[in-house]
Structures are given as C-alpha cells and as structure tokens.
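Model, not experiment: these values are computed from the prediction.
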Amino acid sequence: MFFDNYRKKEDGVVRFYDLHSKRTKTLLIIIYIICFAIIIASLFPPVWVFLASFKDIREFRRSATILPSHFDFSTFSKTWNDLKFAKFYINSSISVAGSVVCAVIFNGLIAYVIGILKPKGHKVVFGLVMWSLLIPTTTSVVALFVNINRIGLNQSFLPLWLSFGANAFYVVLFKQFFEGLPKELIEAAKLDGCGYLKTFASIVLPLSKSIVMVVVIFAINAAWSDFLLPYLVLNGSGKETVMVRLFMFRTSTATDVEVLRAVAFSIIPPIILFTIFQKQITEGAAAGALKG
C-alpha cells in the first residue's frame, strides 16, 4: 500500500523495480521518517505562536500547555486595532511592490545584456556579479547607509526598492534561463526592427514567465522579511514596515501575548504565498537550472 505510488514511476532515484530489494525499501522508509521529522520541526514554531496567541497574559505566563484553554478570535481583532497594524501592512506592501518591480526589471536587464546581447566585456561584468555573491551583505551596510543619507534618500522607500534591483542571485537566475531561450525568435525580432529594450519587453520577458514568477516570489518573501535596511532607513519616518514595528514593540507597552499575535500577523502572508505558489517555485527553479 505504501509503495503503490511507485508502480507507474519510470525515472528518478528510486523506481518500482528497485523496491524488490529489502535494503532499498528500508532506506526509503528511513528517508520518509527523516523528512517527516523535519516537517514537524519546521511547523512547530509557527503553530506554537498561533496557538499561544489565543492565551491571555496570565495563562501565557503560568500555563505550560501548548493548547489554550479557549479559542477567542476577537483577541486578534483587538490587537490588530490597538497596535494599528493595518498601517504597517500597507507600508510593507508598498515596500514589497516596488522591490518586486525593481528585482524583475533591473536584474532582468543586466542578465539580458550578459546572457543574450553579450557585448565586449560581458564576461568581466558577469565575473563581478559572481564575485559579489562572495561578499556578506552586512559588510556593505555602513557604506550603503552613509551614501543613502548623503543623497537624501533616507526615510524613503526608494533605497529599499533599488537594493532589490541589484541582486546578484536574481541576475544569475535570469541569465541561466535567458541563455536557453530560442535565439531564432530574438533574431526575428531584430529583423522586424525591434530595439534592444522592445525585444526584452516583448520577446524575452513573455518567454520567461516561469523564472520571472520565481524571482517575484523570492523578492516578495525577502522584501517582506527584511529588517535591517528598513530599520536604518525608515525608523522614525512613520513608514515603518511590519518587521520594523515588531522590533519596536520591545520599547512599547504591548504585552508578550500581543507581541505574539503581531508575530502571527507578520508570518501569515509568507505562509499563504508559499502555500499557493509552491508548485511554481519548484517548477520555475528547476526550469532555470535545466535551461542553464
């Protein structure tokens, strides 16, 4: 019964005829047990946060049980209104929207030049892009913050957007995919009089929907979860994002349970995003790897 799904499986590491070996069956069961344990360990923290959010402050401090004594969803509504969380959701949405646009357009253009146009010196540029992956992001935060202040972009969403428009990882993803596109279509666009930008917008991007979707999902998750740069740039501006607001709760009058409810609010969008688009994430990443 457990191995019936393998009857029609003709490729992959384990196929149905491999299951005639007891050793293979045993190893497969062990792998499933390990994967199940990893799933439990990964799901326990958000599930605990969600369940603990139903407790009042007295029950939270005195009770060691995971399940609350009762489920009252009105407490979430009260915390949402008391902490004015809608404002920070809007701020985060603005930050995410601009970051996604910049991540697709700017990184896509760089990959288009490196992977398709290939002008003189494109290998040097790609080498610099790959080299930048070796530099920890935090080492450039001070210089980045100083320059943002010097040109007067502090307390603005623009630096957050532009930071996602210069992401070496996204450039590599785009480049690997673009190099596998049919060159005949690009040549045909040139013969029809399309310029470089029109070819990118009309031919390359429409043919790259799968990898664009992957970059969009990665950018949404990264922009929503980003804390350090939004804290440095937006702190005190009234444009703080959800993650910055969570950090600010340490100096507020919010109780521990209210902070937990705020944490629950903050992790809901990424969970929904991954649940809906997990198939596109895996298929798009695999397509980018195969075309590369």
Side-chain angles (χ1 to χ4, degrees), residues 1-2 5 27-93 95-97 99-100 213-228 230-231 240-286:
M1 191 77 179
F2 181 77
N5 292 330
L27 288 175
L28 191 59
I29 292 173
I30 292 173
I31 291 172
Y32 271 106
I33 292 173
I34 293 173
C35 290
F36 183 74
I38 293 173
I39 291 173
I40 296 298
S42 301
L43 290 179
F44 180 78
V47 170
W48 179 85
V49 168
F50 182 71
L51 293 176
S53 300
F54 286 100
K55 300 179 180 180
D56 56 32
I57 188 63
R58 181 178 300 177
E59 182 183 3
F60 177 74
R61 291 180 176 176
R62 295 183 179 180
S63 175
T65 59
I66 297 177
L67 292 175
S69 57
H70 61 281
F71 292 89
D72 185 5
F73 285 92
S74 64
T75 56
F76 282 86
S77 177
K78 182 177 183 302
T79 300
W80 178 276
N81 295 326
D82 290 346
L83 300 180
K84 300 178 180 179
F85 229 72
K87 172 185 176 183
F88 305 104
Y89 254 61
I90 294 173
N91 291 342
S92 287
S93 299
S95 175
V96 167
S99 299
V100 168
M213 179 61 70
V214 171
V215 171
V216 166
I217 294 170
F218 284 168
I220 290 174
N221 188 54
W224 182 272
S225 305
D226 194 16
F227 164 74
L228 183 57
Y231 176 74
E240 292 87 355
T241 59
V242 169
M243 295 303 164
V244 175
R245 183 57 179 165
L246 286 178
F247 179 76
M248 294 168 62
F249 281 150
R250 65 188 178 88
T251 58
S252 68
T253 57
T255 65
D256 294 338
V257 177
E258 288 178 325
V259 173
L260 275 180
R261 291 179 192 138
V263 171
F265 291 142
S266 69
I267 63 178
I268 288 174
I271 290 175
I272 295 175
L273 181 73
F274 182 79
T275 302
I276 296 175
F277 295 107
Q278 58 177 322
K279 185 177 180 180
Q280 285 83 349
I281 293 174
T282 53
E283 289 182 353

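Scanning both residues, Ala52 and Val257, for their nearest heavy atoms gives O-CG1, 4.2 Å. Between Met243 and Phe227, the shortest heavy-atom distance links the atoms O-CD1, 3.8 Å.
Checked against side chain to side chain contact (heavy atoms under 4.5 Å, CB included), Ile30 has the following partners two or more places apart in sequence or in another chain: Thr26, Ile34. Not a single ring pair (Phe, Tyr, Trp, His ring centres under 6.0 Å) links Phe36 to another residue, sequence neighbours left out. Every residue two or more places apart in sequence or in another chain that forms a side-chain hydrogen bond (donor to acceptor under 3.5 Å, both in side chains) with Lys78 is listed here: Asp82. With sequence neighbours excluded, the residues satisfying side chain to side chain contact (heavy atoms under 4.5 Å, CB included) with Ser92 are Trp224, Thr241, Val242.
Atom CZ in Phe85 sits 12.0 Å away from atom CZ in Phe76 (nearest 0.5 Å). Going from atom CG of Asp226 over to atom OG of Ser95 covers 7.5 Å, rounded to the nearest 0.5 Å.
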Under 3.5 Å, side-chain donor or acceptor atoms of residues 39-50 against the rest of the protein: list the pairs with distances, not counting sequence neighbours.
from	atom 1	to	atom 2	distance (Å)
Ser42	OG	Ile38	O	2.8

Contacts under 3.5 angstrom, residues 260-276 side chains, donor-acceptor by atom type, not counting sequence neighbours:
from	atom 1	to	atom 2	distance (Å)
Arg261	NE	Ser53	O	2.7
Arg261	NH1	Thr79	OG1	3.0
Arg261	NH2	Ser53	O	3.3
Arg261	NH2	Lys55	O	3.3
Ser266	OG	Val263	O	2.6
Thr275	OG1	Ile271	O	2.7

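In this structure the side chain of Val215 never reaches within 4.5 angstrom of the side chain of Phe218, judged on heavy atoms.
Asn81 contributes a side-chain N or O that, together with a main-chain N or O of Ser77, makes up a donor-acceptor pair within less than 3.5 Å.
Using cut-offs of 30° and 60° for the angle between ring planes, the Phe73 and Phe54 rings count as perpendicular.
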